[in-house]
There are 2 protein chains.
Amino acid sequence: MRKTLRRTSRRRCSYARVFAALGDETRLTLVAKLAKGQPSSISQLTEGSQLTRQAITKHLRVLEDARIVRSVRAGRESRFAFDPEPIAEVKDYLDFVSEQWDETLARLKSFVES
Amino acid sequence: MRKTLRRTSRRRCSYARVFAALGDETRLTLVAKLAKGQPSSISQLTEGSQLTRQAITKHLRVLEDARIVRSVRAGRESRFAFDPEPIAEVKDYLDFVSEQWDETLARLKSFVES
DNA sequence: ATATTATGCAACCTCCTGGTTACATAATAT
DNA sequence: ATATTATGTAACCAGGAGGTTGCATAATAT
């Protein structure tokens, strides 16, 4: 029930945005870092990357537009934190697609058997 | 166990490719059609879309590169079918990320409480 | 044999993406 | 006060994405 509510609350356009945000290795790495650890500043998130701080910032904005992360200004640094909701939503959507496929398979199977 | 196997079988690069393929409304629509219905030809998949057949073909190639669909030539038409595996894999990956986040939350909570 | 249908392939165009460098400003540390 | 650190903003660039048109070819229908 919760699942259905969550699924229908978003449109395909919005799912596409979230998927697109996840469709980049650098951003997947950022998401992994943030899901695994504390909220972090841009400088912290840039450490260990080959990219410039500005590049990382742009990636973070993409993730923020998709609501996958939130940013809060804290003094001179802006801390980014993971938000699990959009990912939960696209997971539900993928479940929905998989279910549709299972039903399709069942239909094809019963068609063959008849 | 199966989940873990599946998850570790793919790298972040590969997940990114699948997410990127899903990160477009037109392609999400194609995936929905194919998961919901029979394998279909390019012409069939173009029907109802505003785009040209060639544009749809390009989108199908992107989905095919991500292994989300397979194509089989049948006479003069090439039929595309849904393949559930890559989507199952990225779903597992998202589960993994969510779990990491849950653990992080638990850690933060116990830190606050201590 | 010929017309029709389904597809493949290539060239081209525009806009977006992912990256850079350079400079400005805000907050903190000394 | 001054230096340092963290970030914001802007201009710029190369390449890729998403779309088109045009033409060639393979398979089927008449």
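Chain letters run A, B, ... following the sequence lines, proteins first, then strands; residues in each count from 1. All heavy atoms count here, side chains included; hydrogens, waters and symmetry mates do not.
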For residues 55-65 of chain A, which side-chain donor-acceptor pairs fall under 3.5 Å, sequence neighbours excluded?
unit_1, atom_1, unit_2, atom_2, d
T57(A), OG1, R53(A), O, 2.8
H59(A), ND1, R27(A), NH1, 3.1
R61(A), NH1, E64(A), OE1, 2.9
E64(A), OE2, S71(A), OG, 2.7

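- Between S78(B) and V72(B), the closest side-chain pair of non-hydrogen atoms is not below 4.5 Å.
- Regarding L60(A), its CG atom lies at a distance of 14 Å from the C1' atom of dG18(C), rounded to whole Å.
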Checklist entry - salt bridge (Lys or Arg N to Asp or Glu O under 4.0 Å) between R70(B) and D83(B): does it pass, once the steps are laid out? => result CA-CA 7 Å; R70(B) 284 189 316 275; D83(B) 181 343; 3.2 Å; yes

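- For the pair R79(A) CZ and dT5(D) P, the interatomic distance rounds to 17 Å; values are reported in whole Å.
- In terms of polar N and O atoms assigned as donor or acceptor, the side chain of R76(A) never comes within less than 3.5 Å of the base of dT7(D) in a complementary pairing.
- When heavy atoms are screened at a 4.0 angstrom cut-off, R61(A) is found touching the sugar-phosphate backbone but no base atom.
- No hydrogens or angles were tested; on distance alone, a donor-acceptor pair under 3.5 Å links the side chain of R53(B) to the base of dT7(C).
- Checked by distance alone, Q50(B) brings no side-chain donor or acceptor within 3.5 Å of a matching partner on the base of dG19(D).
- In this structure, Y15(A) and Y93(A) have parallel ring planes: the angle between them is below the 30° cut-off, well short of the 60° mark.
- Atom CD of E64(B) and atom P of dT7(C) are 13 Å apart (whole Å).
- Side chains of R79(A) and S40(A): no donor on one and acceptor on the other come within 3.5 Å.
- Taking atom CD1 of residue I56(B) and atom P of nucleotide dT21(D), one finds them 14 Å apart after rounding to whole Å.
- Counting all heavy atoms, side chain and backbone alike, K91(B) lies closest to D95(A) at NZ-OD1, 2.9 Å.
- Side-chain proximity of K58(A) to the nucleotides dA11(C), dG8(C), dA11(D) is greatest for dA11(D).
- Evaluated for a side-chain contact (heavy atoms from CB on, under 4.5 Å) with I68(A), the options L34(A), V90(A), V31(A) yield exactly one hit, V31(A).
- Across all strands shown, dG18(D) forms a Watson-Crick or G-U wobble pair, both distances under 3.5 Å, with dC13(C).
- In this structure, Q44(B) and P39(B) approach most closely via the heavy-atom pair OE1-O, 4.4 Å.
- Judged by closest nucleotide on DNA chain C, F80(B) is the one of H59(A) and F80(B) placed further toward the 5' end.
- Residue-to-nucleotide proximity on DNA chain D shows that, of E77(A) and G75(B), the 5′-proximal contact is made by E77(A).
- The minimum heavy-atom distance between Q100(A) and K36(B), with the atom names listed, is NE2-CD, 3.7 Å.
- Across all strands shown, dA29(C) forms a Watson-Crick or G-U wobble pair, both distances under 3.5 Å, with dT2(D).
- As rounded to whole Å, 12 Å separates atom C1' of dT5(C) from atom CD of E47(B).
- An OP1 or OP2 oxygen of dA27(D) is reached within less than 4.0 angstrom by no side-chain nitrogen or oxygen of R73(B).
- OP1 or OP2 of dT20(D) sits under 4.0 Å from a side-chain N or O of T52(B).
- Residues from residues 32-44 of chain B lying near DNA chain D, meaning a heavy-atom separation below 4.0 Å, are absent.
- Nearest to the side chain of Q54(A), among dT9(D), dT20(D), dT7(C), sits dT9(D).
- Side-chain contact between S49(B) and T26(B) is absent, with no heavy-atom pair separated by less than 4.5 Å.
- Within residues 16-28 of chain B, no residue is approached by DNA chain C to less than 4.0 Å at the level of any non-hydrogen atom.
- Atom CG in L45(B) sits about 12 Å away from atom P in dG8(C), given to the nearest Å.
- Checking dG8(D), dG19(C), dG19(D) against every side-chain atom of L51(B), the shortest atom distance belongs to dG19(D).
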